[in-house]
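One structure is given here, and the rest of the page talks about it.
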Amino acid sequence: MLLLIDDEPDILAEIQEWFEWQGWDCLCAGRLAEAERLLAGRDDIRLVVTDLKLVDGEAFGLIEARLARLPAPDFIIVTGHAGEPEIEHARRIGVQLLHKPLDLAALDAAVAATGHLPRGTPS
């Protein structure tokens, strides 16, 4: 299961369509609080693709809280608002960071680097 987090509905819908076309089962959240509820209520979320800056905060807090719990999902940050401090922060906690506008080939490579496959894909 894949969780997508972005507070821009058009971007969220586009990313969801891309992942579902590839065979992923997706959950979507438009706010960090909603994402936290989904993560707390499910144990099948293995990968989270999130915007960094959302209307209700920055995703680093959610990511670090989840990485402290095992098993933790893998995270990929997709953002248009990353300077050197954010890039270094992502590097330090072991999270891939991609820049918007989103390059779908780079997103595919980031997902492949996590080792996760969509449902029904032979491993």
Side-chain angles (χ1 to χ4, degrees):
M1 180 65 64
L2 172 66
L3 174 59
L4 304 170
I5 310 167
D6 200 303
D7 57 2
E8 295 183 50
D10 292 345
I11 292 175
L12 189 60
E14 181 181 332
I15 295 172
Q16 179 182 10
E17 183 179 328
W18 174 253
F19 277 110
E20 288 179 345
W21 179 78
Q22 293 186 351
W24 287 91
D25 291 322
C26 299
L27 295 171
C28 294
R31 295 183 179 265
L32 289 171
E34 182 182 1
E36 289 170 350
R37 283 192 299 279
L38 288 169
L39 285 164
R42 301 186 64 120
D43 61 359
D44 61 340
I45 298 171
R46 299 289 175 242
L47 179 60
V48 179
V49 177
T50 183
D51 192 5
L52 178 58
K53 298 188 189 244
L54 296 117
V55 293
D56 58 340
E58 196 172 81
F60 280 130
L62 170 76
I63 293 168
E64 290 172 332
R66 282 289 149 188
L67 290 176
R69 298 180 187 160
L70 296 177
D74 287 302
F75 286 87
I76 298 170
I77 297 171
V78 178
T79 185
H81 306 284
E84 191 55 38
E86 290 83 8
I87 293 167
E88 180 54 35
H89 190 162
R91 203 175 290 134
R92 188 174 65 251
I93 62 174
V95 174
Q96 298 178 76
L97 187 144
L98 305 175
H99 296 275
K100 291 180 182 176
L102 188 57
D103 174 350
L104 294 175
L107 181 58
D108 280 345
V111 171
T114 70
H116 295 290
L117 300 170
R119 66 175 151 68
T121 304
S123 48

- Query: Any side-chain heavy atom of I77 within less than 4.5 Å of one from I63?
  - Reply: yes
- Message: Please enumerate all residues that pass salt bridge (Lys or Arg N to Asp or Glu O under 4.0 Å) together with D44, with sequence neighbours excluded.
- Response: R42
- Approximate separation, where rounding is to 0.5 Å, of E36 CD and I5 CD1: 8.5 Å
- Residues two or more places apart in sequence or in another chain: which of them pass side chain to side chain donor-acceptor pair (under 3.5 Å) with E58? K53
- Task: Please step through side-chain contact (heavy atoms from CB on, under 4.5 Å) for the pair L67 and F75, ending with a clear verdict.
- Result: CA-CA 9 Å; L67 290 176; F75 286 87; 4.1 Å; yes
- Go through the steps to decide whether E8 and E14 satisfy the test side-chain contact (heavy atoms from CB on, under 4.5 Å), and finish with yes or no. CA-CA 10 Å; E8 295 183 50; E14 181 181 332; over 6 Å; no
- Point-to-point distance, once rounded to the nearest 0.5 Å, from SG of C26 to CD of E20: 4.5 Å
- Query: Is any side-chain heavy atom of I11 less than 4.5 Å from a side-chain heavy atom of V78?
  - Reply: no
- Item | Exceeds 12 heavy-atom contacts within 6.0 angstrom, atom CD of E17 | no
- Message: Filter on salt bridge (Lys or Arg N to Asp or Glu O under 4.0 Å), then keep only pairs touching residues 97-106, sequence neighbours left out; what's left?
- Response: D6-K100, D51-K100
- Among all residues two or more places apart in sequence or in another chain, which pass the side-chain contact (heavy atoms from CB on, under 4.5 Å) test with A82? T79, E86, I87, L97, H99
- Quick note, side chain to side chain donor-acceptor pair (under 3.5 Å) partners involving residues 24-35, not counting sequence neighbours, are D25-R119
- Measure the shortest side-chain to side-chain distance between L52 and H81 over non-hydrogen atoms and say whether it is less than 4.5 angstrom. no
- Task: Mind listing the closest non-hydrogen atom pair of A29 and L12 along with its distance?
- Result: O-CD2, 3.9 Å
- Picking from V48, L2, D43, L3, what satisfies side-chain contact (heavy atoms from CB on, under 4.5 Å) with P73? V48
- Atom of T50, atom of A59 and distance for their closest heavy-atom approach: OG1-CB, 3.8 Å
- Taking every heavy atom of L107 against every heavy atom of L98, the minimum-distance pair comes out as CA-CD1, 3.7 Å
- Item | Pairs involving residues 105-116, ordered by first then second residue, that meet side chain to side chain donor-acceptor pair (under 3.5 Å) (sequence neighbours left out) | W18-D108, Q22-D108, D74-H116
- Message: For the CZ atom of F19 and the CG atom of L47, what is their distance to the nearest 0.5 Å?
- Response: 6.5 Å
